[in-house]
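Letters A, B, ... mirror the listed sequences (proteins, then strands); counts begin at 1. Scope of the values below: all heavy atoms of this structure, side chains included, with no hydrogens, waters or symmetry mates. The structure displayed is predicted, hence computed values, not measured ones.
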Amino acid sequence: MKLRGRIVDVGDEREVETKYGSRSLAEVTVRPEGDGWVPDGGQTDSGDADHGRAARGEDGDGQTTLGDADGETSLSDADGETTPAERDTGDGTVRLTLWGKWTHTVEHAEVGMELLAIDVEESEYRGETTYATGGDSRVVLEPGFLVDVTDIRSWVQCPRMYYLNKLSGIPLNYPVVKGTIVHEVFGDLLRDRDLEDSIDERVREAGLELGLLGRDADEVRDEVRRNAAAIEGWLQQGTLTEEDAWRSEYTLISPTFGIKGRADALRRGMPVELKTGKNTNREPRFQDKIQAAAYALVLAERGVPADTGTLLYTKNTALERHEESGDLSPAKEFSIGDGLLDFVVRTRNEIAAMEFDVSVPTGYEADARCEYCFEQDTCMVVSGRLDQESKAGQIGEAVPEDELEYFERFYRAIEAERRAVHAEYRKLWEQSAEERAEDDRALIGLEPAGNEELDDGRWEMRARKSDDAVSKLREGDVALASDGDPVDGHAELCRIRELGEAVVVTADEPVSLRRLDVYPSEIGVDRMLTALHDFVLKGDPDRKDVLFGRREPEFADGDASEGGEGDREPYVDNNAAQDRAVQMAVDAEDFALVHGPPGTGKTYTIAQIVAALVDRGQRVLLSAFTNRAVDNALEAIRERGIDDVVRVGTENGVREDMLDVRLERGGDPNERAAALRDAPVVAATTSTCGSRVMRENAFDVALVDEASQLTEPGTLAAVELADRFVLVGDHEQLPPVVQASGTQRGAASPNGSSASGEEPRPANDLQTSLFERLIETYPDASVLLDRQYRMSQRIQAFSSREFYDGALRPANGAVAAQRLSDLGVDEGALPPALGDPVAFVDPDGERVGNTNPTEADRVAEIVDAYVAAGVDPDDVGVIAPFRAQVAEIGRRTDVTVDTVDRFQGSAKEVIVVSFVATDALDGPIFEDYRRINVALTRAKKALALVGDAEALSTEPFYERLLDWARR
DNA sequence: TCTCTGCAAAGAGGA
């Protein structure tokens, strides 16, 4: 029987006398959720289970059975607490008695946590049914929180190590880089690749990292060769004796136990873990056994029990065998019994429970001997800065109270985001294939069209897409390829190569390609967390003084925001605001903010700023949230004549025309490291800025574009690499995308025009960008680019008034007066409804879900009318708030149709906006007016708004929009 | 029922 639900009460552990002696016991009361209370493998329980069975206590010896009467009657204890049998459970809750080692649960459980107990036993006493753990039971706390196997391993070593790794990230160091190479070579060997070829290529691929570590390739190859010799010897031994069934890099997710991870290899279904180090003891290290056992636990859940684990200590080589005592064979096998598996479950519970309240963990060192710990320094620094107790001791002074508060606040927000990622994982098994497809998170019903082994032993899989199915998946993405069931079936982590009618992916092992799923990643939250750590715990005190409001930002030669051009040569002719922006960026001793509304030449200004900085011999980091924005800015800089630039990023992230300056990671270590270190301009996404390699770099100035779309910790990842920074953005356009958003903020209009008349603070700290926070705190450190080169006067008027206090103006008369006739369009041929450059059309449609088919029809007609009048279809764009409506309209026209979010950053001569809504305008998509600002300001010469007039009149903001459009 | 881009991910070690 299986029990799942929220904990409503946690009892104390206590000893009871049974006829088999003294036993420990504890109770939890749980409110079952949904079908939480079900027999294993069945549906709902109708209460007809076998009542004659006795509750069993168990621990080491496993099978002790309590007599019914003796067991229950002895439960009355000295505390005067009610016994399980006496307590009424008529309120819909269920009481679970935990015996023996599962009393561990109550040491960590808290009210509100989710509990999952499997194989629990049911018994009856005085007419009431009670439940208890038995010999096969396992109890899981917060099963929805996915703990990584490597995290369980480090927690077993020392709980502090778990969150030190989490907070500070694992820095670039040689053992890790070499370990990764050895693991890759191991995988290659399993795929029958030539050893020398593999070593050559894998060491070459790690060139950049090895170079930054000052390592020589020959020396590394020799070392890896020694590890590989141990692997090869062992592999040969295995194949000589009996038939071997191998597979490498196995991705495992456990819905029941809340564990995910990747096993190095499976041999005849048994987990094999490769270790680069040496272990001269007869027994494997305990934490290593736990790691292998964790994989075995997940395998068992999939119905493939593994009773043996193998640890391969590849530094245990024959050469050293003579010199040292002890057991130096590389492979150590051990048996994986229930006791070990239970231990894994309990250890995972400790982590999940510690993470439950989403606060900064303090941790403890358990029995660890700190003097041998490689993490000792980090440990002492973190303890010192956060003023935590630590066996290792503390270094440095605690950060001030307000910084600690900031750290905790953002830690919580980032962790909330992590839960959202975990929720995405859960959808892999909680949603049906059809629901996943409906959600655009999976391509299902693929027809396998052949698998082919590649030269390097990896596999290329092909499949045919049955229909015109769409999804969030894109070429170049990492995804989960499966035979149709990504959790219980066969699944492989793959890279999408092609995503047309033919679907092509590559993976380490072959799979029958019937389904492709979005595979969530925690890397984004991990990097925000390390950026937060670097800023608060290791950041420059001078900078923190400004960012924590203890002093004003400073500029060379006084306050540049007040000074004009003076006598100097202008950086930019004919645009005073742009010129002043460059001046401020150059003069900034802390930071400068460039506020660039739509069409105001942000990218051009960025190029001027970078040029001015490079002229002064400054090393510049150019960053933005998206690859697209990074490449746009980089393009402008190169057009400005700055060619000594390096683009850091993945091959499929970097735009094709920037690949020529992309930093190759593979190659000679010294040369690769120099290519990065010596580049005067380095461009990378903020996420890449948080990578190990980039964290080794330092810059004079970081310039971050689209900074208003970045979370504060996301911005910090780039900013922390430089002495000073420049943020370019527009907080009146789209804010950062945050998944765990709680309630969204309301109106962003400075005119304070939200329905409630108030502007609620965002519920989630990540929803306010650092750009927005700083521009509100230090307006004097910002420049507003107030001349726009995109929209006609008529089009820009509403946006200027509502969002920029009327400060936004056309750059010149030509911009202001532009019309469709400039394009050779016969305006007279347009229907009267589209006669004005800003038009409103009410098609009298009906919202159906997130679509409005009638409105979609009308939008298509309007597009056709523009085209018929002579507008080039490439010059027309359609914007809708929902993806569903985007698809609906897309079926009716060939012009570009997209969501607001995806349209940000681009513009069209003609824009048609579909509002969809026909009754209330509730829903976050309509409540954040910044989204409307973006939609309206994509248009240059003509804008057609298509929506329901009555619905739009219900909100003052939209009513003003209507008035303007229908003028 | 909202919008969605980054990330190969996980990788190590000693008395």
Side-chain angles (χ1 to χ4, degrees), chain A residues 148-151 153-154 157 161 165 170 173-184 186-187 206 249 251 260-264 273-281 285 287-288 313-315 369 371-375 438-440 472 474 476-479 493-495 506-508 518-528 624-630 649-653 684-692 706 709-710 714 717 734-739 741 744 849-850 880-886 898-904 916 922-928 930-931 934:
Chain A
D148 213 280
V149 172
T150 50
D151 287 335
R153 178 183 189 274
S154 62
Q157 266 185 279
M161 193 177 288
N165 287 345
I170 299 176
N173 61 18
Y174 182 60
V176 178
V177 175
K178 184 192 144 191
T180 307
I181 297 172
V182 172
H183 275 77
E184 285 165 346
F186 176 54
E249 294 293 314
T251 302
K260 67 180 160 73
R262 258 191 127 186
D264 285 342
E273 273 303 303
L274 185 71
K275 297 293 157 194
T276 323
K278 175 162 58 174
N279 175 18
T280 53
N281 296 326
R285 278 191 198 91
Q287 62 264 30
D288 298 340
Y313 293 98
T314 58
K315 211 173 174 183
R369 301 258 311 271
E371 62 265 38
Y372 301 123
C373 181
F374 292 97
E375 306 268 14
E438 185 81 4
D439 239 12
D440 295 343
K472 299 160 83 90
R474 299 202 198 144
D477 281 357
V478 171
L493 218 49
C494 72
R495 169 82 68 180
T506 51
D508 283 346
V518 171
Y519 188 74
S521 166
E522 290 185 51
I523 196 158
V525 285
D526 286 342
R527 292 202 170 158
M528 278 198 276
F625 182 52
T626 62
N627 276 308
R628 196 195 60 194
V630 171
T650 59
E651 204 170 340
N652 48 61
T685 60
T686 47
S687 182
T688 298
C689 288
S691 68
R692 277 205 310 242
E706 297 193 351
Q709 283 187 77
L710 273 164
L734 295 177
V737 172
V738 174
Q739 305 194 34
S741 52
Q744 290 263 352
N850 283 337
F882 306 108
R883 264 192 301 168
Q885 179 74 347
V886 167
D898 231 322
T899 56
V900 184
D901 301 62
R902 291 207 186 166
F903 244 105
Q904 175 148 334
V916 181
D922 41 280
I925 207 123
F926 297 108
E927 284 164 13
D928 194 336
R930 290 176 286 190
R931 190 164 268 108
V934 174

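Listed pair A:R883 / B:dC2 fails the phosphate criterion, with no side-chain N or O lying under 4.0 Å from OP1 or OP2. A close approach under 4.0 Å does occur between a side-chain nitrogen or oxygen of A:T688 and OP1 or OP2 of B:dC7. Using a 4.0 Å cut-off, some side-chain N or O of A:R902 falls inside it from OP1 or OP2 of B:dT5. For the pair A:R474 and B:dT5, the criterion of a side-chain N or O lying under 4.0 Å from OP1 or OP2 is met. In this model, the phosphate group of B:dA10 is not approached by any side-chain N or O of A:N165 to a distance below 4.0 Å at OP1 or OP2. At the phosphate of B:dA9, neither OP1 nor OP2 sits under 4.0 Å from any side-chain N or O atom of A:H183. Distances shown here put every side-chain N or O of A:T180 at or beyond 4.0 Å from the OP1 or OP2 atom of B:dA12.
Between the CG atom of A:D508 and the C1' atom of B:dA9 there is a distance of 11 Å, given to the nearest Å. Taking atom CZ of A:F882 as the reference point, atom C1' of B:dT3 lies 9 Å away to the nearest angstrom. For the pair A:D477 CG and B:dC7 C1', the computed distance is 10 Å after rounding to whole Å.
Side-chain proximity of A:T685 to the nucleotides B:dT3, B:dA12, B:dC7 is greatest for B:dC7. Counting only heavy atoms from C-beta on, A:R262 has its side chain closest to B:dA10 among B:dA10, B:dA12, B:dG14. The side chain of A:N627 approaches B:dC7 more closely than any other nucleotide in the set B:dG14, B:dC7, B:dT5. Distance from the side chain of A:N850 is smallest to B:dT1 among B:dC4, B:dT1, B:dG6.
Across all strands, A:I170 comes closer than 4.0 Å to base atoms (heavy-atom distances). Contact annotation for A:T626: backbone-only contact, meaning every heavy-atom pair under 4.0 Å involves sugar-phosphate atoms and none involves a base. Heavy atoms of A:V478 sit under 4.0 angstrom from primed sugar atoms or phosphate atoms, though from no base atom. Across all strands, A:E375 comes closer than 4.0 Å to base atoms (heavy-atom distances).
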- Message: Go through it in stages, so that I can follow the logic: the residues are A:D288 and A:R153, the test is side chain to side chain contact (heavy atoms under 4.5 Å, CB included), and I'd like the CA-CA distance, side-chain angles, deciding distance and then a yes or no.
- Response: CA-CA 7 Å; A:D288 298 340; A:R153 178 183 189 274; 2.6 Å; yes
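Two residues, A:D901 and A:E184, neighbour DNA chain B, and the one matched to the more 5' nucleotide by heavy-atom proximity is A:D901. Looking at which nucleotide of DNA chain B each of A:V737 and A:D439 is closest to, the 5′-most match is held by A:D439.
To the nearest whole angstrom, the two P atoms, one in B:dT5 and one in B:dA9, are 16 Å apart.
The strand DNA chain B forms no stems, meaning no runs of 3 or more Watson-Crick or G-U wobble pairs with distances below 3.5 Å.
A pairwise comparison of heavy atoms in A:P735 and A:R930 identifies CG-NH2, 3.6 Å as the closest pair. A:A206 and A:I181 make their closest contact through CB-CD1, 3.8 Å (heavy atoms, listed as atom of the first residue, atom of the second, distance).
A:A629 is linked by a side chain to side chain contact (heavy atoms under 4.5 Å, CB included) to A:A624, A:T626, A:E706, counting only residues two or more places apart in sequence or in another chain. Every residue two or more places apart in sequence or in another chain that forms a side chain to side chain contact (heavy atoms under 4.5 Å, CB included) with A:F625 is listed here: A:T686, A:L710.
A:R527 and A:E522 are not joined by a salt bridge, as no carboxylate oxygen comes within less than 4.0 angstrom of a charged side-chain nitrogen. Between A:R931 and A:D901 there is a salt bridge, with a side-chain nitrogen of the basic residue lying less than 4.0 Å from a carboxylate oxygen of the acidic one.
For the atom pair A:E273 CD and A:F186 CZ, the distance stands at 8.5 Å (nearest 0.5 Å).
Side-chain to base pairing of A:Q157 with B:dG14: one donor and one acceptor N or O lie within less than 3.5 Å of each other.
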